[in-house]
Amino acid sequence: MKKLAITFITIFILTNCATAPVNGILYSKVTFPGEFNHTNDVKNQKSGKSCSHAALGLVSWGNASAGSTAKKNGILKISTIDHESMNILFGIYRRYCTFVYGE
């Protein structure tokens, strides 16, 4: 039983660093910049958000890809892509969101 508990704690701690630039053990919510288009002047007329979620490191659902977010929100030209990550208590619940801006 002790080995099982140590294994789960180790998994939670090690997988915690793969979701955002900065993470807290109890709670964190971090927004960070992604990419932007240097080559043209695309205006931020439309925006879209999509998220993926995970629970206990066992199940995950959602689609946080920039392409599907743009398509779902009618964005044909992307100007900026930003991200947000939320983590609660060693990764019991996680959310990773992608924000897409453009025309």
Side-chain angles (χ1 to χ4, degrees):
M1 184 67 175
K2 184 177 179 181
K3 286 184 180 183
L4 183 63
I6 290 172
T7 301
F8 278 118
I9 290 171
T10 303
I11 289 170
F12 284 133
I13 290 171
L14 293 177
T15 58
N16 190 27
C17 26
T19 60
V22 179
N23 279 316
I25 293 175
L26 297 177
Y27 175 80
S28 65
K29 185 174 181 183
V30 180
T31 57
F32 50 101
E35 302 129 20
F36 65 96
N37 192 343
H38 291 288
T39 59
N40 60 17
D41 291 332
V42 178
K43 297 180 176 104
N44 289 339
Q45 296 173 339
K46 298 179 183 177
S47 65
K49 173 184 174 182
S50 61
C51 300
S52 60
H53 311 268
L56 299 173
L58 300 174
V59 295
S60 62
W61 64 96
N63 183 353
S65 68
S68 68
T69 304
K71 185 176 180 180
K72 184 172 42 173
N73 291 283
I75 299 171
L76 301 176
K77 295 180 184 178
I78 296 174
S79 64
T80 308
I81 301 172
D82 292 327
H83 306 280
E84 177 185 86
S85 176
M86 185 182 71
N87 182 38
I88 298 174
L89 194 60
F90 290 105
I92 287 178
Y93 173 76
R94 293 181 195 186
R95 182 182 71 201
Y96 183 86
C97 297
T98 301
F99 300 88
V100 177
Y101 305 93
E103 299 177 347

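Along the sequence shown, the residues carry numbers beginning at 1.
- For the pair Ile81 and Thr98, the minimum side-chain heavy-atom distance is below 4.5 Å.
- Annotation: side chain of Glu84 is in contact with side chain of Lys29 (closest heavy-atom distance under 4.5 Å).
- When each of Ile75, Leu76, Thr80 is paired with Ile78, the side chain to side chain contact (heavy atoms under 4.5 Å, CB included) condition holds for Ile75 and for no other.
- More than 12 heavy atoms of other shown residues, nucleotides or ligands fall within 6.0 angstrom of atom NZ in Lys72.
- With ring centers used as reference points, His83 lies 6.0 Å or more from Phe99.
- Counting only distance, with no hydrogens or angles, the side chain of Ser50 and the backbone of Asn63 share a donor-acceptor pair below 3.5 Å.
- Put simply, CG on Leu89 and OG on Ser28 are 11.0 Å apart, with the number rounded to the nearest 0.5 Å.
- Put simply, the side chain of Met86 does not reach to within 4.5 Å of the side chain of Tyr96, judged on heavy atoms.
- Looking at heavy atoms from C-beta onward, Arg95 lies in side-chain contact with Cys97 at the 4.5 angstrom threshold.
- Here the closest non-hydrogen pair linking Glu103 and Lys46 is C-CD, 4.2 Å.
- Between Trp61 and Tyr93, the ring-plane angle classifies as tilted under the 30° and 60° cut-offs.
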Q) Taking it one step at a time, do Arg94 and Asn87 satisfy side-chain contact (heavy atoms from CB on, under 4.5 Å)? A) CA-CA 5 Å; Arg94 293 181 195 186; Asn87 182 38; 3.4 Å; yes

